[in-house]
Amino acid sequence: QVQLVESGGGLVQTGGSLRLSCTASGRTFSVGAMGWFRQAPGKEREFVVAISRGGGATYYADSVKGRFTISRDNAKNTAYLQMNSLKPEDTAVYYCVVDGSTFSSERMFATWESYRYWGQGTQVTVSS
């Protein structure tokens, strides 16, 4: 139905930057909230960032606030995650998520189970 293609991961040094992209293809008639979660080996999956359907509301985990910025281009069915001042603790597989709706609370934006679709994941590695 809907496929999410992620790109932009890689290996960078501490303090470096990466830009992740997530593009929805297929049936994209109802693309609402978008965001990213991440998971490091041996750790639980955690919320990173999310954005509302129209881009008017954004939500960030405290650990990335001030360093990461999410944006979206609905004409391209694409969300972007600009990651600056990267730290070794940012090392993880990053999963783009999309739902057909937008949500009414920050709690819902930050909950994995709120989203219907997810991408294949992209590896981000920050060397110490």
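We're numbering straight along the sequence, starting at 1.
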- prompt: Met83 pairs by side chain to side chain contact (heavy atoms under 4.5 Å, CB included) with which of Leu18, Val48, Val49, Val126?
  reply: Leu18
- request: State, yes or no, whether a side-chain contact exists between Phe109 and Thr102 at a heavy-atom distance under 4.5 Å.
  value: yes
query: If only atom types and distance count, is the side chain of Gln120 paired as donor or acceptor with the main-chain N or O of Glu6 below 3.5 Å?
result: yes
message: I need the Arg19 CZ to Thr69 OG1 distance, nearest 0.5 Å.
response: 10.0 Å
- prompt: Can Leu20 be reached from Phe47 by stepping across I, L, V, M, F, W or Y side chains whose heavy atoms are under 4.5 Å apart?
  reply: no
- prompt: Within the distance-only criterion (no hydrogens, no angle test), does the side chain of Arg72 pair as donor or acceptor with the backbone N or O of Ser52 below 3.5 angstrom?
  reply: yes
message: On a heavy-atom basis, which atom in Gln39 and which in Arg45 lie closest, and how many Å separate them?
response: NE2-N, 3.6 Å
task: Provide the closest heavy-atom pair for Phe103 versus Ala33 in the form atom of the first, atom of the second, distance.
output: CE1-CB, 3.6 Å
query: Does the side chain of Ser17 pick up a donor-acceptor pair with the side chain of Asn84 at under 3.5 Å?
result: yes
For the student: nearest non-hydrogen atoms of Ser114 and Asp99, plus distance: O-OD1, 3.1 Å
- request: Classify the angle between the aromatic ring planes of Phe37 and Trp112 as parallel (below 30°), tilted (30 to 60°) or perpendicular (above 60°).
  value: perpendicular
statement: Between Tyr115 and Ala50 the two heavy atoms that sit nearest each other are OH-CB, 3.6 Å
message: I'd like to know if Met34 and Trp118 are part of one continuous hydrophobic network [Ile/Leu/Val/Met/Phe/Trp/Tyr, side-chain heavy atoms within less than 4.5 Å].
response: no
- prompt: Do any N or O atoms from the side chain of Asp90 and from the backbone of Ser85 form a donor-acceptor pair under 3.5 angstrom?
  reply: no
- prompt: Gln13 and Ser127: which non-hydrogen atoms are nearest, and at how many Å?
  reply: CA-OG, 3.3 Å
- prompt: Are Val31 and Val97 grouped together when hydrophobic residues (ILVMFWY) are joined by side-chain heavy atoms under 4.5 angstrom apart?
  reply: no
message: Taking atom CD as the centre, does Glu106 end up with more than 12 heavy-atom neighbours from other residues, nucleotides or ligands that are less than 6.0 angstrom away?
response: no
message: Between Ile70 and Tyr60, is there a side-chain heavy-atom distance shorter than 4.5 Å?
response: yes
query: Quick one: are Leu4 and Tyr95 in side-chain contact, heavy atoms under 4.5 Å?
result: no
- prompt: Is a side-chain N or O of Ser105 found less than 3.5 angstrom from the main chain of Met108, in a donor-acceptor match?
  reply: yes
Residues forming a side-chain hydrogen bond (donor to acceptor under 3.5 Å, both in side chains) with Lys43, sequence neighbours excluded: none
query: Cut-off 3.5 Å, side chains only: do Thr91 and Thr125 have a donor facing an acceptor?
result: no
query: Going hydrophobic residue to hydrophobic residue with side-chain gaps under 4.5 angstrom, can you get from Val124 over to Val93?
result: no
message: A side-chain contact here means heavy atoms from C-beta on lying under 4.5 Å apart; do Ser25 and Asn77 qualify?
response: no
query: Which pair of non-hydrogen atoms, one from Arg53 and one from Asn74, has the smallest distance, and what is that distance?
result: O-ND2, 3.1 Å
message: Less than 4.5 Å apart, side chain to side chain, heavy atoms only: is that true for Val64 and Arg38?
response: yes
message: Do Leu86 and Phe68 have side chains that approach each other closer than 4.5 Å (heavy atoms only, starting at C-beta)?
response: yes
